[in-house]
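So the structure is just underneath, and the comments pick up after that.
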Number of protein chains: 2
Amino acid sequence: MASQATGSGHRAAPVHTDPAEVSVLTALSALADPVRIQLVRELAGSAEWTRSCGSFDVSVGKAALSHHFSVLRGAGLVEQRDQGPRRVNRLRREEFDARFPGLLDLVLRPDGSP
Amino acid sequence: MASQATGSGHRAAPVHTDPAEVSVLTALSALADPVRIQLVRELAGSAEWTRSCGSFDVSVGKAALSHHFSVLRGAGLVEQRDQGPRRVNRLRREEFDARFPGLLDLVLRPDGSP
DNA sequence: CCCGGTGTTCGATGAATATCTTACAGTCCC
DNA sequence: GGGACTGTAAGATATTCATCGAACACCGGG
């Protein structure tokens with residue numbers, strides 16, 4: 001078979017949640033965590049599909065990191081795609097902003113920003 | 001002594017936090033709770049200084065309720081004033097909105113509102 | 001085919017926190 | 001002053017959740 005450009009494995013695909021189906025409580029809970037805020041911020045500062053899960057400068061082990069990405073997926077904040085052995089990420093900016101206008105902007109704004 | 005219109009007792013005044021000094025994480029954590037969301041919503045639907053703490057239709061005891069109001073005060077979301085034996089509340093809409101534009105609107109919006 | 005690299009899952013642990021019960025401190029009204 | 005009412009404080013309990021360690025699955029390359 002013709003090998004695809006970026007091999008799409010037949011692995012357990014990550015479960016995604018449509019931002020349109022996310023409740024306010026779920027969205028706020030997902031963002032009410034320092035590690036996840038950092039992930040979102042770092043992700044926002046990078047081009048889409050360029051950051052693998054392990055490429056983030058966080059202070060937790062990879063098990064916890066995997067959990068955090070699961071929460072972010074469940075809140076419709078992050079989309080993931082398998083690219084060879086690694087899983088690359090994308091911040092669902094427009095979609096999430098359509099569901100919760102302004103929320104992402106607040107998180108991405110530098111914290112001391114009156 | 002001349003009794004004041006609404007007697008302001010010499011009781012331990014509630015500790016308030018200026019919304020300008022509240023971090024994003026604190027604000028999101030305060031709002032990431034179903035009981036507190038309900039309190040904020042109910043408060044937004046009432047005139048200022050008209051709702052005492054005990055007048056909310058929540059499913060927790062008054063001790064937990066007092067704790068939730070403490071969290072809301074600490075996030076700059078609610079202002080309290082003693083009015084006789086009861087403590088009346090006000091949602092700090094403008095001040096909080098100046099610090100976190102749009103956040104309160106998201107919480108007050110009916111949950112399925114895309 | 002073996003191996004290093006990448007993530008996920010599972011179970012357990014620990015910390016944060018939401019809750020209750022009880023006790024206490026004010027305030028108002030009789 | 002006594003008593004009903006309102007809210008807070010303190011201590012105990014329970015639940016949620018973030019974290020870790022180890023085991024497993026998958027991919028790509030020698």
Salt bridge flag under 4.0 Å for residues B/R90 and B/E95
yes

Rounded to the Å, how far apart are A/L72 CG and D/dC17 P?
15 Å

Determine, for nucleotides 2-12 of chain C in 5'-to-3' order, which nucleotides have protein heavy atoms under 4.0 Å from the base (write B), from only the sugar-phosphate (write S), or from neither (write -).
----SBBB---

Look up atom CZ in B/R87 and atom CZ in B/R11, then write down how far apart they are to the nearest 0.5 Å.
5.5 Å

Can you tell me how far P of C/dA25 sits from CG of B/D82, to the nearest Å?
17 Å

Verify side chain to side chain contact (heavy atoms under 4.5 Å, CB included) between B/L77 and B/V22, making sure each step is shown before the conclusion.
CA-CA 10 Å; B/L77 274 160; B/V22 174; over 6 Å; no

Any side-chain N or O of B/H68 below 4.0 angstrom from OP1/OP2 of C/dT17?
no

Taking the side chain as every heavy atom from C-beta outward, state whether B/R41 and B/D111 have any atom pair closer than 4.5 Å.
yes

side-chain contact (heavy atoms from CB on, under 4.5 Å) partner of B/L39, the single match among B/L72, B/D33, B/D57, B/V71:
B/L72

